[in-house]
Amino acid sequence: MAQQQQEQVYEKYYVPDQSPWPIVGAVALFLIAYGAGNFVIEQTKGESGYGGWTLLAGIATLIFMLVGWFRNQIHESMSGLYSAQLGRSYRQGMAWFIFSEVMFFAAFFGALFYARVIALPWLDGASNNAMTAEVLWPNFEAIWPLTKTPGGVETTAMGWMGLPLYNTIILLISSVTCHFAHVALEKQQRTKLIAFMAVTILLGLFFLVLQVEEYVHAYREMNLTLQSGIYGNTFFLLTGFHGMHVTLGTIILIVLFLRILKGHFTPENHFAFQAGSWYWHFVDVVWVMLFFFVYIL
Amino acid sequence: MSTATTELGHDDHHHHAPSGIKRWLYTTNHKDIGTLYLWFAFIMFLIGGAMAMVIRAELFQPGLQIVDPNFFNQMTTVHGLIMVFGAVMPAFTGLANWLVPMMIGAPDMALPRMNNWSFWILPMAFSILLASLFMEGGGPAFGWTFYAPLSTTYSNDTTALFVFSVHIMGISSIMGAINVIVTIFNMRAPGMTWMKMPLFVWTWLITAFLLIAVMPVLAGAVTMVLTDKFFGTSFFSASGGGDPVMFQHIFWFFGHPEVYIMILPAFGIISAIIPTFSRKKLFGYASMVYATTSIALLSFIVWAHHMFTTGMPVGAELFFMFATMLISVPTGVKVFNWVATMWRGSLTFEVPMLFALAFIVLFTIGGLSGLMLAIVPVDFQYHDTYFVVAHFHYVLVTGAIFSIMAAVYYWLPKWTGKMFDITLAKWHFWCSLISVNVLFFPMHFVGLAGMPRRIPDYALQFADFNKWISLGGFAFGLSQLIFLALLIKACRKKGEPVSDQVWEGAEGLEWEIPSPAPYHTFETPPVIK
């Protein structure tokens, strides 16, 4: 009896039964890692091999896993298995995941700052390196953006006016429309919700198109490539990883959009939407940092 | 708290474990996953240990005799990677899986399916790493720290496999850490307030935070190594405006918190065992919590003490020296509290207590040699010698690994319901204790005399000590086979049945449930007063 009373006070936490999806996911990551490693090795040696195919098989398995796992998850959620406590677990999990992403970008921002503030001035003789600079890189001048490396590779700096500025405005607006969509969801204004989600997705896609346009311009006309020394390195890795996150974010938004059309979310129960919108805001904040530190400063 | 809505689903729970291979492949049970983690860690410990045996066999006498230098370098590298990422970290994660839900009165980990995913990535990642040893050019040979340019300009092509296997190891660690942190934040039973949590839970909470903060930085570092080696970037090459020293900064920004990731849970274990066998409450519980937190925060501002000889400006060297020495204050608080807990306690010396006592003494030796290494001018002499090897093996083997063994002996009867073979356990303890000191203590001397680390050959004057070091190493390796035998026996449920409390002085939720712990515990949360 005492136990029954307790059950009335405390919700039961949903502990799922066995699931095949995690092990499928582990196999997928194995294929991706093993395939990607071999693919890179084969490309370097100029050999043909099975690396690329293994990688593709891994990605296919991962997509299969994600579809199956999410379908299972959505089904459970729709049949009312989840409690408020479980919702908190998901939200906290998502928040910590985003924190880990922040730290991933921090590593590359750290490399950017270290190169600008310490490595390049030292190569130019700052601190106690005057003699080293004189002997090793006598003609090197530490400027940022680094348009000529110590080794002599020349490139052009990417300005912030024009395309990058448009992209900043696009992403900032998309963050706002994403927020409006969230508000509409909570107020149960379905038409507004659908409209704002559609606009957010279109802005995301538009951003990606412009980003590709910028890369093409950088490679074809500016001689700014991945091989152009530390400026090109930080530029392409930071914007490239950001672009990958925008791509993922857009896919998440599209999935959410389809779920909205099916009427999956209620004002009380919409963790997936909230997680997607947090992710989108995070991607926008990273872009603002990028815009300042990579383009403007 | 609202009273929603869970008619579906939870009634069909299995109260007994499902059988067959699917139990382990598909499991969402924190106890099963904990067991998987622990066995995986132990197998990796034996594989990494076998590599250490190769290293010690080669170093038994001067000159090159058994393996070629390139293979020797692969052995030191993969030994380090396996022990850090494959043995110590998964063992602690396994303990967290088994213990954290039982200690805080939760029905399982917060995200049980992701828990399974985190585990099963690990065998995948390590099979890639180990497979690379057998490929053309061999496995990674640049040390577990993979300093550029060794890992970029001068490495072989299988570096790509190393990079991607580290990536998925990192994914596994991050997901595991998110699971632990969310479990502790969100799954505590009513009344389990922050300052009532067992210290193992506290230390793991902070460890999980460190993991989420620094594993992505490691992912960044390996990514830059990958692009530098294969895609023409020059993050770590001066001719393109980068800097090889920058690699060390990024790596150690990950690496120093990483070493606390490998010791903080150990502090939690020792803080559980010492009070039990002293039959006293832990001395200074709150100060233990604050000390753990301060160690974690300080760990973010000391990374460059690994790099005193890279030519940093004097101001930076001084900053990192003093910040590093500051860590000895909270660590000292911990050691003091353990000793004060035993003071006038009613001590008995069961096997977990033996390991815990050995931990306190030997970890403190490792801590003190760390303090010596923290002093910049002294480090100029010690850097990259066997003194460093002695230091980190004292904190990792007699520190982290002894604590894991103490934990296994302490909680094993709760897991199996049977007392382990005490005679074998005592043999394991005494053989390990003696051999580990024969193994690592003389390394201080050869290091101070200038023997460099990661070298397959050495000058003649180091020969006598190295002979003893190798003999100690073989003895330590063999001693672990006693542990293997004991564990197999325990898993086959041999031995005397134990009571629910198991140990006379043990306190905490996990000692109030039956032994062996049922497959599902605390499906309804207990109320903690």
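Per chain, numbering begins at 1; letters A, B, ... match sequence-line order. None of the values given here were measured: they were computed from a predicted structure.
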(request) Assess the side chains of A:D17 and B:Y26: does a donor N or O sit below 3.5 Å from an acceptor N or O? (result) no

(request) Identify which of B:G241, B:P313, B:G220 forms the greatest number of heavy-atom pairs closer than 4.5 Å to chain A. (result) B:G241

(request) Select one option (side chain, backbone, both, neither) describing which atoms of B:T227 are under 4.5 Å from chain A's heavy atoms. (result) side chain

(request) Heavy-atom pairs under 4.5 Å with chain B are the metric here; pick the option from A:F236, A:W21, A:W69 that has the most. (result) A:W69

(message) Given heavy-atom pairs under 4.5 angstrom as the criterion, report whether the side chain, backbone, both or neither of A:V27 touches chain B.
(response) both

(request) Check each atom of A:L237 against the heavy atoms of chain B and say whether the ones under 4.5 Å are side chain, backbone, both or neither. (result) side chain

(request) Might you point out which heavy atoms bring B:W117 and A:A26 nearest each other, and give the distance in Å? (result) NE1-N, 3.1 Å

(message) Taking side chain as everything from C-beta outward and backbone as N, CA, C, O, which of these in B:M187 sits under 4.5 Å from a heavy atom of chain A? Side chain, backbone, both or neither.
(response) both

(request) Select one option (side chain, backbone, both, neither) describing which atoms of A:T225 are under 4.5 Å from chain B's heavy atoms. (result) neither

(request) Quick one: which of A:A36, A:A142, A:G93 has the most heavy-atom pairs under 4.5 Å with chain B, could you say? (result) A:A36

(message) Does any backbone or side-chain atom of A:S19 lie under 4.5 Å from a heavy atom of chain B? Answer side chain, backbone, both or neither.
(response) both

(message) If only side-chain N and O atoms count, and only distance matters, is there a donor-acceptor pair under 3.5 Å linking A:Y215 with A:T239?
(response) yes

(message) Parallel, tilted or perpendicular: which one describes the rings of A:F104 and A:F108, with boundaries at 30° and 60°?
(response) perpendicular

(request) Return yes when atom CZ of A:F64 has more than 12 non-hydrogen atoms of other residues, nucleotides or ligands closer than 6.0 Å, and no otherwise. (result) no

(request) Sort out for me which of A:G110, A:A115, A:A111 touches chain B most, counting heavy-atom pairs under 4.5 Å. (result) A:A111

(message) Please rank B:A177, B:A213, B:P112 by heavy-atom pairs under 4.5 Å with chain A and give me the top one.
(response) B:A213

(request) Identify which one of B:N29, B:T183, B:N115, B:D32 satisfies the side chain to side chain donor-acceptor pair (under 3.5 Å) criterion when paired with B:N97. (result) B:N115

(message) Need one label for B:V163: side chain, backbone, both or neither, based on atoms under 4.5 Å from any heavy atom in chain A.
(response) neither

(message) Within the structure provided, determine whether B:L161 and A:N38 are in side-chain contact (heavy-atom separation under 4.5 Å).
(response) yes

(message) Does any backbone or side-chain atom of B:I250 lie under 4.5 Å from a heavy atom of chain A? Answer side chain, backbone, both or neither.
(response) side chain

(message) Below 30° counts as parallel, above 60° as perpendicular, anything between as tilted: where do the rings of A:Y82 and A:Y14 land?
(response) tilted

(request) Counting only heavy atoms closer than 4.5 Å, note whether A:E42 contacts chain B via side chain, backbone, both or neither. (result) neither

(message) Quick check: do B:I104 and B:F522 have side-chain heavy atoms less than 4.5 Å from each other?
(response) no

(message) More than 12 heavy atoms of other residues, nucleotides or ligands under 6.0 Å from CZ of A:F70: yes or no?
(response) no

(message) More than 12 heavy atoms of other residues, nucleotides or ligands under 6.0 Å from CZ of B:R23: yes or no?
(response) yes

(request) Decide whether B:K31 and B:T521 meet the rule of one side-chain donor and one side-chain acceptor closer than 3.5 Å. (result) yes

(request) Name the option with the most non-hydrogen atom pairs under 4.5 Å to chain A; the candidates are B:G240, B:A160, B:P123. (result) B:G240

(request) Would you please classify the geometry between the A:Y279 ring and the A:F282 ring as parallel, tilted or perpendicular, with 30° and 60° separating the classes? (result) tilted

(message) Less than 4.5 Å to any heavy atom of chain A: does that hold for the side chain of B:I174, its backbone, both, or neither?
(response) side chain

(message) With a 4.5 angstrom heavy-atom cut-off, is it the side chain or the backbone of B:T223 that approaches chain A, or both, or neither?
(response) side chain

(request) Check whether A:L29 gets within reach of chain B through its side chain, its backbone, both or neither, counting any heavy atom under 4.5 Å. (result) both

(request) Go through B:F162, B:F119, B:F209 and name the one with the most non-hydrogen pairs under 4.5 angstrom from chain A. (result) B:F209

(request) Among B:S234, B:G311, B:S237, single out the residue with the greatest number of heavy-atom pairs under 4.5 Å to chain A. (result) B:S234

(request) Classify the ring geometry between B:W303 and B:F253 as parallel (under 30°), tilted (30 to 60°) or perpendicular (over 60°). (result) perpendicular

(message) Could you tell me if B:N156 and B:T158 have a donor-acceptor pair between their side chains, going purely by distance under 3.5 Å?
(response) yes

(request) Measure A:E76 against the heavy atoms of chain B and call it side chain, backbone, both or neither at under 4.5 Å. (result) side chain

(message) At a heavy-atom distance under 4.5 Å, which candidate from A:A33, A:S228, A:A28 has the highest pair count against chain B?
(response) A:A33

(message) Is A:N129 close to chain B through its backbone or its side chain, or both, or neither, when contacts mean heavy atoms under 4.5 Å?
(response) neither

(request) Sort A:F97 into side chain, backbone, both or neither according to what part of it lies under 4.5 angstrom from a heavy atom of chain B. (result) both

(request) Counting only heavy atoms closer than 4.5 Å, note whether A:M65 contacts chain B via side chain, backbone, both or neither. (result) side chain

(request) Count the heavy-atom pairs under 4.5 Å between each of B:I121, B:L111, B:I212, B:I171 and chain A, then report the option with the highest count. (result) B:I212

(message) Donor-acceptor pair, distance only, cut-off 3.5 Å: does the side chain of B:D157 make one with the backbone of A:I41?
(response) no

(request) Side chain from CB out, backbone as N, CA, C, O: work out which of these in A:K148 comes under 4.5 Å of a heavy atom of chain B, or both, or neither. (result) neither

(request) Over all heavy atoms of both residues, which pair between B:F85 and B:M215 is shortest? Give the atoms and the distance, please. (result) CE2-CE, 4.1 Å

(request) Select one option (side chain, backbone, both, neither) describing which atoms of A:N72 are under 4.5 Å from chain B's heavy atoms. (result) side chain

(message) Only pairs of heavy atoms separated by less than 4.5 Å count here; which of A:S127, A:A107, A:A95, A:A106 has the most with chain B?
(response) A:A107

(message) Please classify the contact of B:L25 with chain A as side chain, backbone, both or neither, using a heavy-atom distance under 4.5 Å.
(response) both

